[in-house]
Amino acid sequence: MRADLLESYQAIPLPTRSEEHWRFTDLTGFDPDAYTAASADATALPETMLEIDASGVALVGESGITIEHAPEGIRFELLTDDHPLLGTLVGHTEKFAAHNAAMWQHGILVHVPKGVEVDKPLYIRIANTVEGGSLFWRLLIVAEAQSTFTVIEEYASASPELSGYSNAAVEIIVEDGAKVEYVSVQNLSQSTWHFASHHATVGRDAELDWVAGGFGSGGGKVWIQNDLAGQGATSRVTGAYFADNVQRLDYDTFQEHIAPNTTSDFAFKGVLRDTASAVWRGMIRVEKDAQKTNAYQENRNLLLSKTAHADSIPGLEILANDVRCTHGATLSQVDREQLFYAMARGLSRQEAERLIVRGFFQDVLDRIELEPVRTALGAALEARIPQA
């Protein structure tokens with residue numbers, strides 16, 4: 001199977017800007033095959049952004065996975081090739097998903113049985129530590145009916161200058177009546193390319209609360225898809241990102257409403273400075289039988305320099321006739337009056353910008369239920385503003 005998957009990957013050309021979903025992301029000069037997974041330096045682990053009191057902890061690197069501890073009564077273990085649900089959501093028809101399917105070696109299965117509630121989060125830390133190395137990572141989450149738990153994954157690099165290639169695939173299956181909180185925070189070095197495919201399916205009366213934080217990487221693309229597959233399913237995705245220097249961030253989100261009486265709410269906010277750029281493309285699709293759908297998506301960007309750039313492309317594809325679907329996108333420079341008002345009261349420009357950034361992100365931070373994550377993301381966003 002791996003040989004066939006590798007052949008499929010090699011047959012798919014590298015995406016170009018002539019393709020609609022890659023129109024704003026230029027991969028010229030990037031060769032995913034130029035990166036190799038050499039032996040990792042286990043002592044070169046990066047500092048964590050998140051101080052979490054976790055019930056289960058796993059560390060992932062190029063050399064393998066260490067599961068430090070896991071709670072009883074659930075499966076928090078190494079993922080194997082023969083799992084029947086593996087690849088049912090993230091396939092191998094897209095270039096980088098195909099590369100992951102062919103090359104992944106390190107994966108974790110999180111499987112929580114019916115009715116089980118895990119009080120503390122499950123924490124997974126993925127770190128690239130090898131100069132010029134590649135790290136292929138896979139996560140499969142299965143929430144049986146009426147289960148409740150939180151999974152946090154954090155991506156980081158051993159050093160700010162580390163050059164590498166990160167490729168992740170995450171599949172989340174939320175069965176009827178279950179409630180899952182999934183947090184994915186990416187703080188890789190700005191010399192690392194990061195590509196990720198995240199795909200979830202949410203069952204009848206189930207809930208998925210998703211937090212995506214993007215602070216690192218130099219370029220790449222993140223796909224996020226939620227399938228509202230059961231009647232009464234609810235999905236909420238909160239995204240926050242900050243890019244500076246010459247970073248290029250790309251988010252592609254898809255809300256697929258399949259069953260009636262489903263709700264989805266996507267809110268992404270980003271701040272950019274220097275010559276950084278970001279693109280967000282969002283699509284809400286409502287199938288013909290998904291009556292009474294309530295869907296919302298928004299993307300708002302704040303530019304801290306005249307050379308920063310952002311593109312927002314919201315979209316709707318509605319096949320039902322009794323729905324409520326709305327979207328919004330904004331792009332603006334820092335309000336000069338706000339800046340003047342703060343600086344006139346003794347704040348430096350950096351302090352004033354930090355205050356404005358905090359206010360800009362406050363509503364998305366308020367959507368995050370887990371207090372340590374909310375605090376860490378707020379601190380990380382403010383820290384990107386240079387000190388006076």
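Just so we're clear, the structure is a prediction, and the values are computed from it rather than from any experiment.
Sorted by first then second residue, the salt bridge (Lys or Arg N to Asp or Glu O under 4.0 Å) pairs that include residues 299-328, not counting sequence neighbours, are Arg285-Glu317, Lys292-Asp322, Glu298-Arg300. Pairs of residues two or more places apart, or lying in two chains, that qualify as salt bridge (Lys or Arg N to Asp or Glu O under 4.0 Å) and include a residue from residues 100-123 are Asp53-Lys120. Applying the side chain to side chain donor-acceptor pair (under 3.5 Å) test to every pair with at least one member in residues 167-185, sequence neighbours left out, gives these pairs: Asn100-Asn167, Thr150-Glu181, Glu153-Tyr182, Glu153-Ser184, Tyr165-Asn167, Tyr182-His198. Each salt bridge (Lys or Arg N to Asp or Glu O under 4.0 Å) pair with one or both residues in residues 158-167, not counting sequence neighbours, would appear here, but there are none. The side chain to side chain donor-acceptor pair (under 3.5 Å) contacts involving residues 233-245 comprise Gln190-Asp244, Gln190-Asn245, Asp209-Arg236, Asn226-Ser235, Thr238-Arg367, Tyr241-Asn299, Tyr241-Asn301, Asp244-Arg384, where partners must be two or more places apart or lie in separate chains.
In this structure, the side chains of Arg138 and Val90 come closer than 4.5 Å at one or more pairs of heavy atoms. In this structure the side chain of Glu77 never reaches within 4.5 angstrom of the side chain of His111, judged on heavy atoms. In this structure the side chain of Thr253 reaches within 4.5 angstrom of the side chain of Trp280, judged on heavy atoms. The shortest side-chain heavy-atom distance between Phe242 and Leu304 falls under the 4.5 Å cut-off. The shortest distance between side-chain heavy atoms of Glu94 and Phe96 falls below 4.5 Å. Within the 4.5 Å cutoff, no side-chain heavy atoms of Thr293 are placed close to those of Pro260. In this structure, Val57 and Ile67 have side chains that are not in contact, with every pair of non-hydrogen atoms separated by 4.5 Å or more. Looking at heavy atoms from C-beta onward, Asn128 lies in side-chain contact with Leu188 at the 4.5 angstrom threshold.
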message: Quick one, His106 with Phe136, criterion ring pair (Phe, Tyr, Trp, His ring centres under 6.0 Å). Give me CA distance, side-chain angles, the key distance, then yes/no.
response: CA-CA 7 Å; His106 310 314; Phe136 295 89; 9.5 Å; no
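Using modelled atom types, no side-chain atom of Ser157 and backbone atom of Pro160 make a donor-acceptor pair closer than 3.5 Å. With hydrogens and angles ignored, the 3.5 Å screen pairs no side-chain donor or acceptor of Gln105 with any backbone N or O of Glu62. Proximity of a side-chain donor or acceptor of Ser217 to a complementary backbone N or O of His194 within less than 3.5 Å is not detected. A distance-only check finds a donor-acceptor pair linking the side chain of Glu131 to the backbone of Ser163 [under 3.5 Å]. In this structure, the side chain of Glu19 does not engage the main chain of His21 through any donor-acceptor pair within 3.5 Å. Under the 3.5 Å distance criterion, the side-chain polar atoms of Thr201 are left unmatched by any main-chain donor or acceptor of Ile173. Of the possible donor and acceptor atoms, none in the side chain of Arg273 sits under 3.5 Å from a partner among the backbone N and O of Ser305. Under a 3.5 Å cut-off, the side chain of Thr375 and the backbone N or O of Pro372 do not form any donor-acceptor pair. Panel note: side chain Asp26, backbone Thr28; a donor-acceptor pair is recorded below 3.5 Å. At distances below 3.5 Å, at least one donor-acceptor pair connects side-chain atoms of Gln297 with backbone N or O atoms of Gly315.
Annotation: His92, atom NE2; neighbour count of heavy atoms from other residues, nucleotides and ligands within 6.0 Å does not exceed 12. Counting non-hydrogen atoms of other residues, nucleotides and ligands closer than 6.0 Å to OH of Tyr341 gives a total of 12 or fewer. The environment of CD in Glu337 is sparse: at most 12 heavy-atom neighbours from other residues, nucleotides or ligands sit within 6.0 Å. Within a 6.0 Å radius of CD in Glu7, no more than 12 heavy atoms belonging to other residues, nucleotides or ligands are found.
Taking Asp81 as the reference, Arg2 meet the side chain to side chain donor-acceptor pair (under 3.5 Å) condition, with sequence neighbours excluded.
Using cut-offs of 30° and 60° for the angle between ring planes, the Trp22 and Phe195 rings count as tilted.
Salt bridge annotation for Glu20-Arg23: present, with a cationic side-chain nitrogen under 4.0 angstrom from a carboxylate oxygen.
For the residue pair Gln255 / Asp265, no side-chain donor-acceptor distance below 3.5 Å is found, with atom types taken as modelled.
Of all heavy-atom pairs between Pro121 and Leu370, the closest is CG-CD2, 4.0 Å.
The hydrophobic cluster containing Tyr251 also contains Val170, counting ILVMFWY residues as joined when their side-chain heavy atoms lie under 4.5 angstrom apart, directly or transitively.
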